[in-house]
*Asks:* 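Would you mind keeping the following structure in view while I ask a few things?
All values below come from the heavy atoms of this structure, side chains included, with hydrogens, waters and symmetry mates left out. All residue numbers in this chain count up from 1 along the given sequence.
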Amino acid sequence: MKKNCIRYALAGALAATSSAGFALDEMEPNDSISTAQRLVIGNTGEVQVAGALGVLTWTTAPVADVDFYSFHGQAGDVVSIDLDNGVKPNGSSVRSMDSVVAVFGPDRAVLRQNDDGGTLDPGSISGRDSRLTNVQLPVTGIYTVGVSSYPRLFVHGGGLTSTILNASSNGSYTVVISGVTP
């Protein structure tokens with residue numbers, strides 16, 4: 001706990017003085033909406049997190065995993081949540097992940113959810129990397145981002161619709177949250 005507090009204090013100090021988007025690594029446990037990893041938004045209104053669901057190698061069977069991140073948002077912020085690097089190039093030794101992303105309001109209701117971003121954007125080589133754009137935050141409070149994999153979609157409160165795992169249920173990713181008032 002003390003190590004995490006020091007890490008957050010350093011993150012806050014760096015975010016306050018940085019002009020670039022702030023980058024963090026995922027910290028477990030963050031597998032429920034109530035244990036979401038709290039993010040510090042940099043002065044650019046952006047934060048990036050390098051995360052992973054389950055195991056990364058093809059030689060190990062996929063395991064059930066989900067990640068949650070929380071941030072403080074202001075009413076009227078227009079936020080984007082972009083998962084990058086989930087799908088890897090062919091022949092990669094690291095698993096490709098077919099991501100699902102959702103944003104939950106302070107009441108833990110799903111505001112929006114996306115399985116496949118569709119069109120390519122910087123940081124993605126496949127439309128299977130999920131993305132939410134132009135999410136207008138209705139109230140000031142703590143918002144939570146959930147990262148899962150298809151076909152495990154989110155429901156209100158942070159639960160999932162399925163327990164089914166497949167070959168693309170695990171893998172590493174980067175989540176970029178932007179448009180948040182610092």
*Asks:* Are Arg95 and Lys88 close enough, and set up right, to give a side chain to side chain contact (heavy atoms under 4.5 Å, CB included), and what steps lead you there?
*Replies:* CA-CA 7 Å; Arg95 284 183 182 272; Lys88 309 298 187 284; over 6 Å; no

*Asks:* Of all the heavy-atom pairs spanning Glu26 and Ala52, show the shortest one and how long it is.
*Replies:* OE1-N, 2.9 Å

*Asks:* In sequence, state the C-alpha distance, the side-chain angles, and the governing distance for Asp129 and Ser126, and then conclude on side chain to side chain donor-acceptor pair (under 3.5 Å).
*Replies:* CA-CA 6 Å; Asp129 279 347; Ser126 169; 6.0 Å; no

*Asks:* Is Tyr173 close to Asp84 at the side-chain level, that is, under 4.5 Å between some pair of heavy atoms?
*Replies:* no

*Asks:* How long is the straight-line distance from OG1 of Thr35 back to CD of Glu28, given to the nearest 0.5 Å?
*Replies:*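 So the CD of Glu28 and the OG1 of Thr35 are separated by 8.0 Å.
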
*Asks:* Measure from the side-chain N and O atoms of Ser169 to the backbone N and O of Asn166, and report whether any donor-acceptor pair falls under 3.5 Å.
*Replies:*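 Yes, Ser169 side chain to Asn166 backbone: donor-acceptor pair under 3.5 Å.
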
*Asks:* Going through the distances and angles, do Asp31 and Phe68 end up as a side chain to side chain contact (heavy atoms under 4.5 Å, CB included)?
*Replies:* CA-CA 6 Å; Asp31 57 352; Phe68 289 94; 5.8 Å; no

*Asks:* To the closest 0.5 Å, what do you measure between CE (Met27) and CZ (Arg38)?
*Replies:* 12.0 Å

*Asks:* I want to check something: taking the side chain as every heavy atom from C-beta on, are Val145 and Val101 in contact at a cut-off of under 4.5 Å?
*Replies:*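 Side-chain contact under 4.5 Å: yes.
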
*Asks:* Side chains of Arg108 and Ser34: does their closest heavy-atom pair fall under 4.5 Å?
*Replies:*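 Counting from C-beta outward, Arg108 and Ser34 do come under 4.5 Å.
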
*Asks:* Give the intermediate values and the outcome of side chain to side chain contact (heavy atoms under 4.5 Å, CB included) for residues Leu111 and Phe104.
*Replies:* CA-CA 5 Å; Leu111 293 178; Phe104 297 84; over 6 Å; no

*Asks:* Does the side chain of Phe71 come within less than 4.5 Å of Ile142's, by heavy atoms?
*Replies:* no

*Asks:* Do you know the tightest heavy-atom contact between Leu53 and Asp67?
*Replies:* CD2-OD2, 3.4 Å

*Asks:* Assigning hydrophobic clusters by single linkage (Ile, Leu, Val, Met, Phe, Trp, Tyr; side-chain heavy-atom cutoff under 4.5 Å), is Leu137 placed with Val139?
*Replies:*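 In one cluster with Leu137: Val139, yes.
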
*Asks:* Verify, without hydrogens or angle tests, whether Asp116 (side chain) and Gly118 (backbone) share a donor-acceptor contact under 3.5 angstrom.
*Replies:* no

*Asks:* Only pairs under 3.5 Å count here: list side-chain donor-acceptor contacts from residues 174-182, not counting sequence neighbours, and write none if there are none.
*Replies:*
residue: Thr174; atom: OG1; partner: Asn85; partner atom: ND2; Å: 3.3
residue: Thr181; atom: OG1; partner: Asp77; partner atom: OD1; Å: 2.5
residue: Thr181; atom: OG1; partner: Asp77; partner atom: OD2; Å: 3.4

*Asks:* Using 0.5 Å steps for rounding, measure from the CG atom of Leu56 to the OG atom of Ser172.
*Replies:*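 So the gap between those two atoms works out to 5.5 Å.
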
*Asks:* Which distance, rounded to the nearest 0.5 Å, do you find between the CD1 of Ile81 and the OG1 of Thr133?
*Replies:* 10.0 Å

*Asks:* Pair Ser80, Asp82 - check side chain to side chain donor-acceptor pair (under 3.5 Å), show working.
*Replies:* CA-CA 6 Å; Ser80 292; Asp82 183 17; over 6 Å; no

*Asks:* Testing the basics here: between Phe154 and Gln113, what is the closest heavy-atom pair and its distance to 0.1 Å?
*Replies:*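 Taking Phe154 first and Gln113 second, the nearest heavy atoms are N-OE1, 2.6 Å.
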
*Asks:* Counting C-beta onward and ignoring hydrogens, is there a side-chain heavy-atom pair between Leu132 and Val103 closer than 4.5 Å?
*Replies:* yes

*Asks:* Under the side chain to side chain contact (heavy atoms under 4.5 Å, CB included) test, which residues partner Thr57, sequence neighbours left out?
*Replies:* Thr59, Thr60

*Asks:* Can you check whether Ala167's main-chain N or O pairs, donor with acceptor, with Trp58's side chain at less than 3.5 Å?
*Replies:* no

*Asks:* Does the side chain of Leu39 reach to within under 4.5 Å of the side chain of Leu24, using non-hydrogen atoms?
*Replies:*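 Yes, close enough: below the 4.5 Å cut-off.
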
*Asks:* Where is the tightest heavy-atom contact between Ser130 and Ser99, given as atom of each residue plus distance?
*Replies:*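 Closest pair (atom of Ser130, atom of Ser99, distance): OG-O, 2.6 Å.
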
*Asks:* Determine whether a donor-acceptor pair (N or O, by modelled atom type, separation under 3.5 Å) exists between the side chain of Asn170 and the backbone of Met97.
*Replies:*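 Judged by distance alone, no pair lies under 3.5 Å.
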
*Asks:* Could you give me the CA-CA distance, side-chain angles and deciding distance for Asp98 and Asp115, then say whether side chain to side chain contact (heavy atoms under 4.5 Å, CB included) is met?
*Replies:* CA-CA 8 Å; Asp98 184 0; Asp115 169 31; 3.7 Å; yes

*Asks:* Find the distance between CZ (Arg131) and CG (Leu83) and round it off to the nearest 0.5 Å.
*Replies:*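 CG of Leu83 is found 10.5 Å from CZ of Arg131.
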
*Asks:* Which pairs count as side-chain hydrogen bond (donor to acceptor under 3.5 Å, both in side chains) when at least one residue sits in residues 143-164, sequence neighbours excluded?
*Replies:*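 Counting only pairs at least two positions apart or across chains, no side-chain hydrogen bond (donor to acceptor under 3.5 Å, both in side chains) contact touches residues 143-164.
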
